[in-house]
Amino acid sequence: MARFFTTSRYRSHGRKDHRHELPQLKLTLAGREFTTYDWSLGGFRIDDFQGRPIIGELMTVTDMSYEDIKLGGVKSTATVTRIVIGKNQVAFAFNRLDEKAFSFLEAASMKRLSRLARI
């Protein structure tokens, strides 16, 4: 009997933290700045990643920002977990998230919730 594995939009995600599209974050990752496609406290996905990193590769995150709020001196790491072929998108999971970065992402999440409450 053949076994099928659903890999499209019909498959539920097994992630603990739901990813958000807004507010878009800007991250400095391995010395280059990227804007997130979506993000959560567990990880993020970025567009326009030139080149193809290796799954499992560990990269450093040194800066984060959204809108006019910036956080420098971040000491966090993220691991490449997935590459979306044909879209130049790469998904990362935070391997280590320092206290400043965690608080920053929590504040961004709360800002998103306050915006949704006004709609």
Side-chain angles (χ1 to χ4, degrees):
M1 172 183 266
R3 293 182 182 227
F4 295 95
F5 187 76
T6 306
T7 59
S8 67
R9 64 183 171 139
Y10 302 108
R11 179 176 177 233
S12 62
H13 296 285
R15 65 179 50 100
K16 181 174 81 174
D17 300 304
H18 182 72
R19 293 220 173 148
H20 313 295
E21 292 180 11
L22 296 174
Q24 280 190 315
L25 298 178
K26 289 191 180 185
L27 305 171
T28 302
L29 181 66
R32 293 174 34 203
E33 186 175 280
F34 295 96
T35 301
T36 58
Y37 178 79
D38 58 18
W39 62 274
S40 73
L41 290 172
F44 56 94
R45 187 167 38 138
I46 57 173
D47 276 334
D48 299 327
F49 194 95
Q50 300 302 316
R52 187 167 287 180
I54 300 167
I55 302 257
E57 184 176 350
L58 190 65
M59 295 189 179
T60 58
V61 179
T62 54
D63 298 303
M64 295 181 172
S65 66
Y66 65 91
E67 296 171 358
D68 59 347
I69 302 168
K70 297 182 183 199
L71 177 66
V74 174
K75 295 178 183 167
S76 298
T77 56
T79 305
V80 176
T81 57
R82 184 168 46 102
I83 297 170
V84 183
I85 304 211
K87 293 185 178 182
N88 287 335
Q89 292 179 350
V90 180
F92 292 84
F94 285 114
N95 184 336
R96 189 186 75 207
L97 196 58
D98 71 6
E99 188 68 34
K100 290 189 322 182
F102 181 84
S103 296
F104 184 82
L105 292 176
E106 267 191 328
S109 184
M110 295 305 290
K111 184 158 189 131
R112 178 188 156 276
L113 292 174
S114 70
R115 280 188 182 162
L116 289 175
R118 286 185 253 154
I119 294 177

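Remember, predicted model here, so these are calculated numbers, not experimental data.
- Distance check, rounded to the nearest 0.5 Å: CZ of R45 to CG of D38 gives 4.0 Å.
- Shown here are the ring-ring contact (aromatic ring centres under 6.0 Å, His included) partners of F92, two or more places apart in sequence or in another chain: F44.
- Between M59 atom CE and T77 atom OG1 the span is 12.0 Å, to the nearest 0.5 Å.
- Contact record, D47 with K87: OD1-O, 4.4 Å, taken as the closest heavy-atom pair.
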**Request:** Start with the C-alpha distance between K26 and S65, add both sets of side-chain angles, then the distance that settles side chain to side chain contact (heavy atoms under 4.5 Å, CB included), and finish with yes or no.
**Result:** CA-CA 5 Å; K26 289 191 180 185; S65 66; 3.3 Å; yes
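- Neither V84 nor F34 shares a network with the other; the hydrophobic side chains, linked directly or stepwise wherever heavy atoms of I, L, V, M, F, W or Y lie under 4.5 Å apart, form separate groups for each.
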**Stepwise side chain to side chain contact (heavy atoms under 4.5 Å, CB included) check, V90 with V80** = CA-CA 7 Å; V90 180; V80 176; 3.8 Å; yes
Just distance, no hydrogens or angles: give the donor-acceptor pairs under 3.5 Å from side chains in residues 99-108, sequence neighbours left out.
| residue | atom | partner | partner atom | Å |
| --- | --- | --- | --- | --- |
| K100 | NZ | G72 | O | 3.2 |
| K100 | NZ | G73 | O | 3.3 |
| S103 | OG | E99 | O | 3.2 |

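- Closest non-hydrogen pair, V61 versus A78, comes out as CG2-CB, 4.3 Å.
- Applying the side chain to side chain donor-acceptor pair (under 3.5 Å) rule to E33 yields no partners; only residues at least two apart in sequence or on another chain are considered.
- Between the OH atom of Y37 and the CD atom of Q24 there is a distance of 10.0 Å, given to the nearest 0.5 Å.
- Taking CG of L25 as the start and CG of L71 as the end, the distance is 11.0 Å to the nearest 0.5 Å.
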**Request:** In sequence, state the C-alpha distance, the side-chain angles, and the governing distance for D98 and K75, and then conclude on salt bridge (Lys or Arg N to Asp or Glu O under 4.0 Å).
**Result:** CA-CA 6 Å; D98 71 6; K75 295 178 183 167; over 6 Å; no
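- Between I46 and T36, the shortest heavy-atom contact is CG2-CA, 4.2 Å.
- Follow the hydrophobic side-chain contacts under 4.5 Å out from L27 and you reach I69 in the same cluster.
- Cluster membership check: M64 shares its hydrophobic cluster with Y66, using side-chain heavy-atom separations under 4.5 Å among Ile, Leu, Val, Met, Phe, Trp and Tyr.
- In this structure, T81 contributes its side chain and A91 its backbone to a donor-acceptor pair below 3.5 Å.
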**Request:** Test side chain to side chain contact (heavy atoms under 4.5 Å, CB included) on V74 and D63 and set out the steps.
**Result:** CA-CA 5 Å; V74 174; D63 298 303; 5.6 Å; no
